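Single-structure report; data block below.
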Amino acid sequence: MAEPANSSSKTAIMPRRDEDFPEWYQQVIRAAELAEPSDVRGCMVIRPWGYGIWENMQRHLDAMFRATGHRNAYFPLLIPLSYFAKEAEHVKGFAKECAVVTHSRLEADADGKLRPSSALTEPLVIRPTSETIIGASYAKWVQSYRDLPILINQWANVVRWEMRPRLFLRTTEFLWQEGHTVHETEAEAWAETKQMLEVYGRFVHDYLAVPIFSGEKSESERFPGAVQTLSIEAMVQDRKAIQAGTSHFLGQNFARASGIQFQNREGKQEFGWTTSWGMSTRLLGTLVMAHGDDDGLVLPPRIAPTQVVILPITPKQETRGAVLEACDKLAKQLREIRYVDVPIEVEVDRRDLGGGVKNWEWIKRGVPLRVEIGPRDLESAKVTMSRRDQATKMKESISMQEFVSHSAEVLDSIQRNLLERAKKFRDQHTRVIDSKDEFYDFFTPRDATKPEIHGGFALAHWDGSREVEEQIKNDLKVTIRVIPLDNSSESGKCIFTGKPSSCRVIWAKSY
RNA sequence: CGGGGUGUAGCUUAGCUUGGUAGAGCGCGUGGUUUGGGACCACGAGGUCGCAGGUUCAAAUCCUGUCACCCCGACCA
């Protein structure tokens, strides 16, 4: 993270982070071949490298879901408008961003232009989230307390008609998982809500190497229709917060709306207690902004689609065959080593390109380890290794055998280092603040016309009122990210109104 | 949806004020020299100048309309 590059040194990504962070972000995504905008406004094409990262995220998350008793299923993309309309708050929250299917066929008109014809009797909403359609199924499945709990997850795409799309962070269509559960008691549902937040926190921390703060959302930031929303928040390198995962305690709101009812142990009809929780491809954006540097993406080994790339150096035709052979042999040996439960992913880049070009391409893609093997290495049975978490020019020459036996260890060391850096960065920019002036100063850039990277997380007392939140949001675009849950809650006075406050909350600008 | 801006090759763009056959850099292809940190030389491919009208002998250039995208504001994983 961010030793500020001195302006004379050439970086692979222009502009640098400190020059124009949003533009840098876009350029990294392009240079790393993660994704690109499509012809459909707000939608993106996720390229193999980006999708590979997503697949790894899926793999690990899915294992964690299974381990906590959840199973996958799939529900329809199209939701009857009448289902959707059942929960009033839900409608209020999502209505503005719903895409609606109103017709079932195309017909050529007189000019030969295709036009929708045959209007549907009931319009269908493309799911922005699936509480209502899944609720309809659950209503049928749940009769008795013996049917509970229901613990289901689905991997799906959803559509939210956003006004301002940004690759990964906010796109019209995105990929995610949504867990939907029904429980017999309020306490169980709450335990589930918290458990899944904990799962998310562990995933992001252990696999993405991103430290998080967790807690509950204030009323204004709550999921539409939820009783309570919990969230994990990460800090990225422009010091803004990004919500990395959310878990909702839905109380009986959706059960009531969908008619999820069961006969309880006393023989009485009762509404189920439901939860829902989700993580999306937004995590890819989080990853880019959390670990990327001025040379491109930096991937934590645990989710990198390729952990080791082998670059054959073949300056002379005579040695070419031997070098390639050695590369293949090394790749084979590495693939026999398991790293986070599966064989290490290795790629031998045999493309006929200049060595420097290939090297830089892999730097930009963020592959954790680059290994060069050339004629000189062959003679001494060595390899030349570079780690993506270190300066790009740093190289280490070690024996091939040693490299093979230590590779998993080195990957772990990179993983740990990325987490450490991110943690240090976050802590450096997290501040306990006890006065309104200091708070305003903290969140005000010195150059208003071209705001520099500033601010961070502020831990400050808040009186719990919506008015204060509103005011701060208007003045500074700063919002409460989370109200820490467990917090060894130190009470105090609201720094804005002087009224009593039961704990410090986390304030930040956010994505 | 309000306010501002921009549309020229895959990307970045010059040309537009003052109409006269569309130029460059990067990238791409071929051949060669190269190759342990972003190589070089030669040749080459690629553009209905967003789209539709209009003015004119003649439109990338002027006029009208339209569409798309970008930035700024209100909403969001």
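If you're wondering where the values come from, they're calculated on a predicted model, not measured in any experiment.
- One P atom belongs to G4(B), the other to C41(B), and the distance between them is 48 Å to the nearest Å.
- Using C1' as the reference atom, G15(B) and A59(B) are 14 Å apart when rounded to the nearest Å.
- Among the nucleotides C76(B), G36(B), G38(B), the one closest to the side chain of A12(A) is G38(B).
- Looking at heavy-atom distances under 4.0 Å, Q243(A) makes contact with sugar-phosphate atoms alone, never a base.
- On a pure distance criterion of 3.5 Å, no polar donor-acceptor pair joins the side chain of R160(A) and the base of C76(B).
- Using a 4.0 Å cut-off between charged side-chain N and carboxylate O, E361(A) and K358(A) make no salt bridge.
- For the residue pair E36(A) / S38(A), no side-chain donor-acceptor distance below 3.5 Å is found, with atom types taken as modelled.
- Checking the phosphate oxygens (OP1, OP2) of U35(B), no side-chain nitrogen or oxygen of K358(A) falls inside 4.0 Å.
- Side-chain atoms of Q243(A) and K217(A) include a donor-acceptor pair closer than 3.5 Å.
- Using a 4.0 Å cut-off between charged nitrogen and carboxylate oxygen, E33(A) and K364(A) do not count as a salt-bridge pair.
- Between F84(A) and H90(A), a ring centre-to-centre spacing shorter than 6.0 Å is recorded.
- Within 4.0 Å of L283(A), counting heavy atoms only, lies no atom of the nucleic acid at all.
- Rounded to whole Å, the C1' atom of A60(B) lies 39 Å from the corresponding atom of G32(B).
- Nucleotides U17(B) and G31(B) place their C1' atoms 46 Å apart, quoted to the nearest Å.
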Dot-bracket line, read 5' to 3' along RNA chain B, where crossing pairs take [ ] and | marks a partner on another strand, Watson-Crick or G-U under 3.5 Å: (((((((..((((......[..)))).((((((.....)))))).....(((((..]....))))))))))))....
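- By the 4.0 Å N-to-carboxylate-O rule, R302(A) lies too far from D206(A) to be salt-bridged with it.
- Counting non-hydrogen atoms under 4.0 angstrom, F168(A) reaches a base of the nucleic acid.
- Side-chain proximity of T246(A) to the nucleotides G38(B), A77(B), G36(B) is greatest for A77(B).
- Using a 4.0 Å heavy-atom distance criterion, T171(A) is classed as a base contact.
- You'll find that the side chain of V357(A) is closest to G38(B), out of G38(B), C76(B), G36(B).
- When the P atom is compared between A39(B) and C71(B), the two are found 32 Å apart, to the nearest whole Å.
- In the interface, the side chain of D377(A) is paired with the base of G36(B) through a donor and an acceptor atom under 3.5 Å apart.
- Comparing the same atom, P, in C63(B) and in C11(B) gives a spacing of 27 Å after rounding to whole Å.
- A22(B) sits 8 Å from G47(B) when the C1' atoms are compared, rounded to a whole Å.
- Nearest to the side chain of K364(A), among G38(B), G36(B), C75(B), sits G38(B).
- A77(B) has its base stacked against the ring of F174(A), the centroids being under 5.5 angstrom apart at an interplanar angle below 30°.
- As judged by a 4.0 angstrom heavy-atom cut-off over every strand, T384(A) is placed among the base-contacting residues.
- Rounded to whole Å, the distance from CZ on R30(A) to C1' on U12(B) is 9 Å.
- Side chain to side chain, T129(A) and E131(A) meet the donor-acceptor criterion of an N or O pair below 3.5 Å.
- Using a 4.0 Å cut-off between charged side-chain N and carboxylate O, E198(A) and K194(A) make no salt bridge.
- Annotation: U61(B) and G53(B) have their P atoms spaced 14 Å apart (nearest Å).
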